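Order of the sequence lines sets the chain letters (A, B, ...), proteins ahead of strands, with each chain counted from 1. No experiment lies behind these values; they were computed from the predicted model shown.
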Amino acid sequence: MSLDLSSLNYAQIDAVTAIDENILIIAGPGTGKTQTLAFRTAYLIRSKDVSPASIIAITFTNKAAQEMRERVSNLLCNECNTADIWIGTFHSLGLAILREEGHRVGLRPDFLILSESEQIELVKSVLSDTLPKEPLIRAKRWVQRLSERKNHTFSSQSVSDLPDILFSAYEHRLEELNLIDFDDLILKPLILFKENPEVRDTCRNRFCHLLVDEYQDINNLQYQFLKELSGPAASLWVIGDADQAIYAFRGANVKHFLKFQQDYPDVRTIALKENYRSTRTILTSAQTVIAHNSDRIPHTLTSSASTGLPVHLLQAANDKAEARLVVKEIEKLIGGIRMESSFEGSDSFGFNEIAILYRLHHISRFFSEALKQSGIPYQVVGGVSSQPDSAMEYVVPFLKTLLNPHDDLSFSAILQAMDNKFDRTTITQLLDLARDREGSLYQIFHSPKIDGLLDPYRIDSDHKLLSFLHRMQKEMLAISLRELIATICQGLNLNMPLEDENHPWWFLLTEPFSDGPAHDQLPEFLETVALLKEGETYNSKAEAVTLMTVHAAKGLEFPVVFMVGLESGIFPCTEFGEGPSDLEEERRLFYVGMTRAKKRLYLSCSQSRHLFGENREAAPSSFISEIPPEMITVVPDHKSAKAKKIPAGKQRSLFT
DNA sequence: CTGTCGTCACTTTTT
DNA sequence: GTGACGACAG
């Protein structure tokens, strides 16, 4: 029985059934990218008799991988075992390879993956050894540079100045501790492939069909890795949209998408041009904006939807007024509005159909306050404040210490987490002492003579800590992982009830590891956790207005979207970092934001904004002026008449 | 070694 | 406006 493709349009069918060697699918926003990818996978199995085990589908998140597996499974009516298909991220693939063959690149079998915070801590400790004059506050920058450096391992491109001494010391420490960072998950398999062609060929022989999602966000290492993985006999099918590449700050390079046609022979390029999401006005506005970019493959999206309402522009005198204005509009939308004469104008929306998107988390503050005041339910996705010191940050180092007490990195993380009883200087001293004695921190704590460094007050709390550790080490042989975590949380005074429905994430996460004592489940559990980001995930069912960054909104859609804080300096964001910011990337981000909207798009800005402890004046974002003026309507602000209204026709002269 | 004060930095974050 | 770091005084 062949797969029913009747729900697809011509371009999608083309993409699903293409038999060419290498295929590039350009899938603009709302064109059914995920569907096409799932259909392609199912089609290969069902209609082309491809063995599931010879297919590899690479997604960018574990969540996407999961969804993908479900969709394919549904399309195949659960007939075939989709577990045979390799669906996962580059990183999980790399990890799988390293678990099997890691010894070939010098890894001991029980290596662990460094978390982001651990990486920063490690760099700080390496930094004080190698470049003592460098302030530790810039450790994050160094982490970024180390990552860049690894990212360019096999490329001619030169990298920003990173002292070799720092790099080699960092690498040496990783090796010593049997740790690898996220980049190593790609880099080491890549090296492994290059040095052991027979391993590479085993992989090549297994995977004949390679499907890659979000190809525009691939980085140099992933690109090279994919090249190694796809042998001459392989068929490479990649999908993405260069206009939605917004992860350059993490090393993603949209150039790889743009040069796909030169990189691979016999490429067939198919563009999905039909947008099923937005009104024509929204789509055209967004496309007019993105057309200002030059690093792209020009293509025009069409929509059979109605014209819809114009893009609404709100302008306020200050950030508080902006928030009030937005909330006032939301109230109208909820209540069902009859202001506009068109049919669309009489819609009313549910809370979960509305999103407020911004460039920077800080922007959300006034909006959540205003929403709270109006009694409108809302959820803020991400941000620092929303996860009060994510319990994960405390529990994981603890678990790691239980598994390996001599893991100084984890042990010092515990010490730092303990109510500031140990500051960095003390820990550094203890670490130095440990190194002098060629032992671990843990051993130092067991030795009687550290009086000079630790006052009685501290020693008291140490004893508590140590006896707690010892107790846990014993108990983990008997109790379940979930019980162990619960006990640790209790011991650390962490408020994290595992069974609480507010934390289903923890509950679900520990679920697969509930068999047998914690001790046996721990290694695998830690591995799973290392590849997962806790991120407060967006709940589409919650009856609440959603507040999040444009980055976080990628891949989502909402009937109503408010893009707020649209001021020069903020969006495009030029405030931070060392080098010049990439205007084209910011514009892509703006485009991603606009194209989240299905029916209504509101843009709002403020003349002044309180940010980083000072009031800043700013002009409206230059991106607003890139929208055709006739597609914009200015929503008058009755309350603050002082706010200058900018007539649509005059906009162009006021910007840039 | 410890406490205090001035300074500097602050994006976005699928892994 | 915050929080972490580093310099300096005690």
Side-chain angles (χ1 to χ4, degrees), chain A residues 58-67 88-95 113-116 119-120 124 127-128 132-141 143-144 147 151 180-186 213-214 216-219 221-222 240 244-252 357-363 365 381-385 416 420 423-426 428-429 451-455 457-458 528-538 548-556 565 569-578 581-582 585-586 588-590 592-593 610-615:
Chain A
I58 298 173
T59 58
F60 262 73
T61 64
N62 292 305
K63 197 177 144 212
Q66 174 97 17
E67 279 171 18
T89 62
F90 275 108
H91 293 86
S92 56
L93 177 63
L95 177 62
I113 302 159
L114 209 59
S115 77
E116 212 175 294
Q119 199 181 9
I120 294 170
K124 280 179 183 170
L127 207 51
S128 47
K133 278 180 206 155
E134 277 300 313
L136 294 182
I137 206 154
R138 284 212 287 241
K140 252 187 172 171
R141 285 280 164 80
V143 167
Q144 182 125 20
S147 174
N151 211 252
I180 60 170
D181 62 26
F182 273 116
D183 298 305
D184 287 332
L185 283 170
I186 316 293
D213 193 15
E214 307 279 17
Q216 79 282 350
D217 283 325
I218 210 163
N219 69 25
L221 282 179
Q222 290 161 340
Q244 294 182 75
I246 53 171
Y247 284 102
F249 69 93
R250 294 182 66 137
L357 308 182
Y358 34 80
R359 178 65 177 80
L360 270 50
H361 282 298
H362 320 259
I363 304 283
R365 205 181 114 208
V381 178
V384 266
S385 53
Q416 281 184 71
N420 289 337
D423 56 15
R424 171 168 303 288
T425 8
T426 316
T428 311
Q429 284 158 4
D451 305 351
L453 282 168
L454 299 172
D455 60 30
Y457 168 61
R458 279 194 173 136
T528 309
V529 167
L531 288 183
L532 271 177
K533 181 116 185 143
E534 175 165 16
E536 201 170 299
T537 36
Y538 154 69
M548 62 177 138
T549 62
V550 181
H551 279 97
K554 191 187 177 193
L556 304 174
I570 294 173
F571 204 160
C573 185
T574 53
E575 301 283 291
F576 314 101
E578 290 151 3
S581 64
D582 183 350
E585 170 116 342
E586 294 289 322
R588 288 193 291 267
L589 192 56
F590 197 80
V592 167
H610 193 72
L611 196 64
F612 298 133
E614 55 174 3
N615 274 315

Side-chain N or O of [X] less than 4.0 angstrom from OP1 or OP2 on [N]?
| X | N | result |
| --- | --- | --- |
| A:Thr59 | B:dT14 | no |
| A:Asn62 | B:dT15 | yes |
| A:Lys140 | B:dT11 | no |

Task: Qualifying residues under side chain to side chain contact (heavy atoms under 4.5 Å, CB included), relative to A:Ala553, sequence neighbours excluded - done: A:Leu357, A:Met548, A:Arg596

Side-chain heavy-atom pair [X], [Y] within 4.5 angstrom cut-off:
| X | Y | result |
| --- | --- | --- |
| A:Lys554 | A:Glu214 | yes |
| A:His362 | A:His610 | no |
| A:Val550 | A:Phe571 | yes |
| A:Ile570 | A:Tyr358 | no |

Rounded distance (Å) that lies between atom [atom2] of [N] and atom [atom1] of [X]:
| X | N | atom1 | atom2 | result |
| --- | --- | --- | --- | --- |
| A:Arg588 | B:dT11 | CZ | P | 21 Å |
| A:Asp582 | B:dT11 | CG | P | 19 Å |
| A:Leu127 | C:dC5 | CG | C1' | 12 Å |
| A:Asp213 | B:dT14 | CG | C1' | 11 Å |
| A:Asp184 | B:dT15 | CG | P | 18 Å |
| A:Phe249 | B:dT12 | CZ | C1' | 4 Å |
| A:Asp217 | B:dT15 | CG | P | 12 Å |
| A:Leu556 | B:dT14 | CG | P | 12 Å |

TODO: Given ring pair (Phe, Tyr, Trp, His ring centres under 6.0 Å), test A:Phe612 with A:Phe576 step by step and report yes or no.
DONE: CA-CA 12 Å; A:Phe612 298 133; A:Phe576 314 101; 5.5 Å; yes

Open item on the list: For a quick check, tell me whether the side chain of A:Arg250 and the base of B:dT15 share a donor-acceptor pair closer than 3.5 Å.
Closed with: yes

TODO: Could you check whether A:Phe60 and the base of B:dT14 form a stacked pair, meaning centres closer than 5.5 Å and planes differing by less than 30°?
DONE: no

Task: Base versus backbone protein contacts along nucleotides 5-10 of chain B [heavy-atom cut-off under 4.0 Å; B, S, -] - done: -----B

TODO: Classify the nucleic acid contact of A:Tyr247 as base, sugar-phosphate or nothing, counting any heavy atom under 4.0 Å across all strands shown.
DONE: base

Task: Selected nucleotide, minimal atom distance to A:Phe182 side chain, candidates C:dG6, B:dT15, B:dT12 - done: B:dT15

Task: Closest listed nucleotide, where the reference is the side chain of A:Lys124 and the choices are B:dT13, C:dC5, B:dT15 - done: C:dC5

Open item on the list: By nearest heavy atom, map A:Glu586 and A:Thr89 onto DNA chain B; which one lands nearer the 5' end?
Closed with: A:Glu586

- [ ] May I ask you to decide if A:Ile246's main-chain N or O and A:His551's side chain share a donor-acceptor pair within less than 3.5 Å?
- [x] yes

